[in-house]
Trainee: 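I'd like to ask some things about the structure below.
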Amino acid sequence: MGAEKANSIRDLKEAARRRLPRIIFDYIEGGAEDETCIIRNRQGWESLEIVPRFLRDVSGVEQSVELFGRSYASPFGIAPMGMTAITHRDADLLLAQAAHEANIPFLLSGASNSAIEKIAKVAPSAWYQLYVPRDPAIRADLIRRVADAGLGTLVVSIDVPIYSKRERDIRNGWIRPYKPTLEARLEAIRHPGWVLDYLRRGIPYLENWQTYAPPGASPIEVANVYAKQSFAVQTWDILQEIREQWRGPLVLKGVLHPDDAARAVDAGADGIIISNHGGRQFDRAPTPVAMLPAVHAAVKGRIPVMVDSGITRGSDIVAAMCMGASFAFIGRAALYAVAAHGKPGVDRAIAILQQEILLALATMGCPRIGDVDPTYLRQSVKGAAA
Ligand SMILES: Cc1cc2nc3c(=O)[nH]c(=O)nc-3n(C[C@H](O)[C@H](O)[C@H](O)COP(=O)(O)O)c2cc1C
């Protein structure tokens, strides 16, 4: 089945499930410990009911938004995801290209397989996400490379002070030093498309890190250099250092507490992303829907408050914006798409969400995304506050 047959992000997810070995699918889909956070993320979005207003002219629906001085076609982008090449060898490039063509932002991960300079060539509109390395010289060099490559926005992920406990990966042997169980290997053989690609092209590099490893280092040796640098003891002082080195828009990703959001504004951040890392880091973390009202109140409109975690429908994005979010990001939704169908899959995922946003705006009687507000929301029984 081709990408064009997919009607929803769920269809793309099922197509990815078919193409990928279980061990790889589990790496994408899974979360920390009991994975309750992943379930609550979905429940949070689903709990938000939008009350339509009818008898309004919705013949021209507009979903473009302004962010950091530029106009994007839609109010969402693609969140940073590391090690995407294990799903599809050219995943970073294809995600970046699709996002660039659609005029939405693609965030290149701090654990990406493709190099900053390579992505900047195909998608100059991409942003870069930094996992703060221990060595100040390396972090300064990465920031310089991002600026030299012309990528305009730097995102610092603050929500990984330590590796998390993902039990699917532990069970499958998909943790360093990566010794997949016999069962996982045998299951992988049932996905020949993926296996042939892997055998043909070998283990992918973390390309950004090759330059910090000895010449000729293997992909595993480069990954070891990265692992040794992960993660610096992140403090507000380090953020200050980064703020001094980076002139463009600086975004903090992984903010959950309203006090941290207010402090981010004081520290000179230009935006924040409320995120629980898609439930991958801390199973007790609150959902973005639960935290958005308090964070929004703490920020007081001084900088854009963006959001991710659990978004699979265009109406989730519209509901987030009704709650005061300025922008949203999709993680797994895009990764399933590229894993299943390459670039046509990502094109399709973007088109599906865009159409769902259009449908939501037209049905709720609010033709401009910029005009949505909390009065469109009804707090449902399960639900979070508007
Ligand atoms: C496979 C995978 C890898 C990820 N890698 C990173 C990463 O390198 N940096 C980062 O800031 N977030 C990373 N994330 C988190 C995403 O940026 C995003 O916060 C999350 O996926 C949003 O939730 P969703 O997948 O439910 O949309 C990763 C998520 C996934 C699924």
Side-chain angles (χ1 to χ4, degrees), residues 9-10 12-13 16 20 23-32 35 37-46 76-88 91-92 95 99 105-114 116 119 126-133 142 153-161 163-164 166 168-169 174 204 206 208-209 223 226-227 229-231 234 251-256 272-282 285 287-289 306-314 316-317 320 325 327-339 349 353:
I9 298 300
R10 185 180 298 143
L12 293 166
K13 175 175 175 173
L20 295 174
I23 186 172
I24 305 297
F25 186 80
D26 276 352
Y27 163 73
I28 305 177
E29 188 189 42
E35 301 186 351
C37 186
I38 295 177
I39 295 166
R40 286 183 292 107
N41 279 342
R42 272 314 302 152
Q43 287 172 343
W45 296 117
E46 286 164 5
F76 68 91
I78 299 179
M81 287 172 285
M83 288 293 292
T84 59
I86 58 166
T87 69
H88 183 298
D92 286 335
L95 288 161
F106 164 74
L107 278 58
L108 183 67
S109 159
S112 68
N113 291 109
S114 296
I116 294 162
I119 292 295
W127 304 4
Y128 183 71
Q129 175 258 320
L130 183 76
Y131 276 136
V132 177
L142 278 167
T153 301
L154 184 70
V155 178
V156 179
S157 287
I158 60 168
D159 57 351
V160 187
Y163 284 109
S164 68
R166 294 197 207 125
R168 294 194 204 203
D169 292 346
W174 190 249
L206 294 175
N208 280 324
W209 287 81
Y226 168 77
Q229 286 295 325
S230 307
F231 299 92
Q234 295 192 70
V251 174
L252 293 199
K253 174 172 181 283
V255 174
L256 288 168
I272 55 171
I273 304 176
I274 304 179
S275 168
N276 59 30
H277 219 100
R280 294 168 75 78
Q281 284 305 120
F282 186 38
T287 65
V289 170
M306 298 166 272
V307 71
D308 78 17
S309 297
I311 290 172
T312 58
R313 288 281 177 194
D316 298 336
I317 297 167
F327 209 79
F329 292 93
I330 52 164
R332 294 177 181 89
L335 201 49
Y336 292 138
V338 77
L353 292 172

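As the structure lists them, so they are numbered: ligands from 1, and atoms in each ligand from 1. By convention here, the first residue in the shown sequence is residue 1.
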Trainee: To check your reading of the model: name the closest protein heavy atom to atom 18 (C) of ligand 1, its residue, and the distance in Å.
Mentor: D308 OD2, 3.2 Å
Trainee: Can you list the atoms of ligand 1 that are under 4.0 Å from a heavy atom of S275?
Mentor: 19 (O)
Trainee: Is there at least one pair of N or O atoms, one from G82 and one from ligand 1, spaced under 3.5 Å apart?
Mentor: yes
Trainee: Would you sort out whether L130 and V132 count as a side-chain contact (heavy atoms from CB on, under 4.5 Å), showing the intermediate values?
Mentor: CA-CA 6 Å; L130 183 76; V132 177; 4.2 Å; yes
Trainee: Hey, which atoms in ligand 1 end up nearer than 4.0 Å to a heavy atom of K253?
Mentor: 10 (C), 11 (O), 12 (N), 15 (C), 16 (C), 17 (O), 18 (C), 19 (O)
Trainee: Are any of the N/O atoms in G331 less than 3.5 Å from those in ligand 1?
Mentor: yes
Trainee: Considering only non-hydrogen protein atoms, determine which one is nearest to atom 11 (O) of ligand 1 and report residue, atom name and distance to 0.1 Å.
Mentor: S157 OG, 2.6 Å
Trainee: Please verify whether a non-hydrogen atom of F329 lies at under 4.0 Å from ligand 1.
Mentor: no
Trainee: Checking ring-ring contact (aromatic ring centres under 6.0 Å, His included) between F329 and each of W127, F106, F76, which is the one that passes?
Mentor: W127
Trainee: With a 4.0 Å cut-off on N to O distance, would you call R313 and E46 a salt bridge?
Mentor: no
Trainee: Among all protein heavy atoms, pick the one closest to atom 10 (C) of ligand 1 and tell me residue, atom and distance.
Mentor: Y131 OH, 3.2 Å
Trainee: What is the ring orientation for Y131 with H277, classed by angle as parallel under 30°, tilted 30 to 60°, or perpendicular over 60°?
Mentor: parallel
Trainee: To which protein heavy atom is atom 17 (O) of ligand 1 closest, and what is the distance rounded to 0.1 Å?
Mentor: P80 O, 2.6 Å
Trainee: From R40 CZ over to E35 CD, what is the distance, rounded to the nearest 0.5 angstrom?
Mentor: 12.0 Å
Trainee: Go through it in stages, so that I can follow the logic: the residues are L142 and I116, the test is side-chain contact (heavy atoms from CB on, under 4.5 Å), and I'd like the CA-CA distance, side-chain angles, deciding distance and then a yes or no.
Mentor: CA-CA 9 Å; L142 278 167; I116 294 162; 4.0 Å; yes
Trainee: My understanding is that only one of D92, I78, T87 makes a side-chain contact (heavy atoms from CB on, under 4.5 Å) with V338; could you say which?
Mentor: T87
Trainee: In terms of atom number and element, which parts of ligand 1 are under 4.0 angstrom from non-hydrogen atoms of G310?
Mentor: 23 (O), 24 (P), 26 (O), 27 (O)
Trainee: Which residue and non-hydrogen atom of the protein lie closest to atom 15 (C) of ligand 1, and at what distance in Å?
Mentor: H277 CD2, 3.4 Å
Trainee: I want to confirm something. Looking only at heavy atoms, which of Q129, E29, R280, Q281 is nearest to atom 1 (C) of ligand 1?
Mentor: R280
Trainee: Check step by step if side-chain contact (heavy atoms from CB on, under 4.5 Å) holds for K253 and M306.
Mentor: CA-CA 9 Å; K253 174 172 181 283; M306 298 166 272; over 6 Å; no
Trainee: With atoms numbered from 1 as shown, which atoms in ligand 1 lie under 4.0 angstrom from a non-hydrogen atom of L335?
Mentor: 1 (C)
Trainee: Side chains of R10 and T312: donor-acceptor distance under 3.5 Å anywhere?
Mentor: no
Trainee: Below 4.0 Å from ligand 1: does a non-hydrogen atom of G110 turn up there or not?
Mentor: no
Trainee: Could you find the nearest protein heavy atom to atom 20 (C) of ligand 1 and give me its residue, atom name and distance?
Mentor: G278 N, 3.7 Å
Trainee: Distance to 0.1 Å, residue and atom name: give those for the protein heavy atom nearest to atom 8 (O) of ligand 1.
Mentor: S109 OG, 2.7 Å
Trainee: Show the numbers, then the answer: is there a side-chain contact (heavy atoms from CB on, under 4.5 Å) between L20 and I28?
Mentor: CA-CA 10 Å; L20 295 174; I28 305 177; 3.7 Å; yes
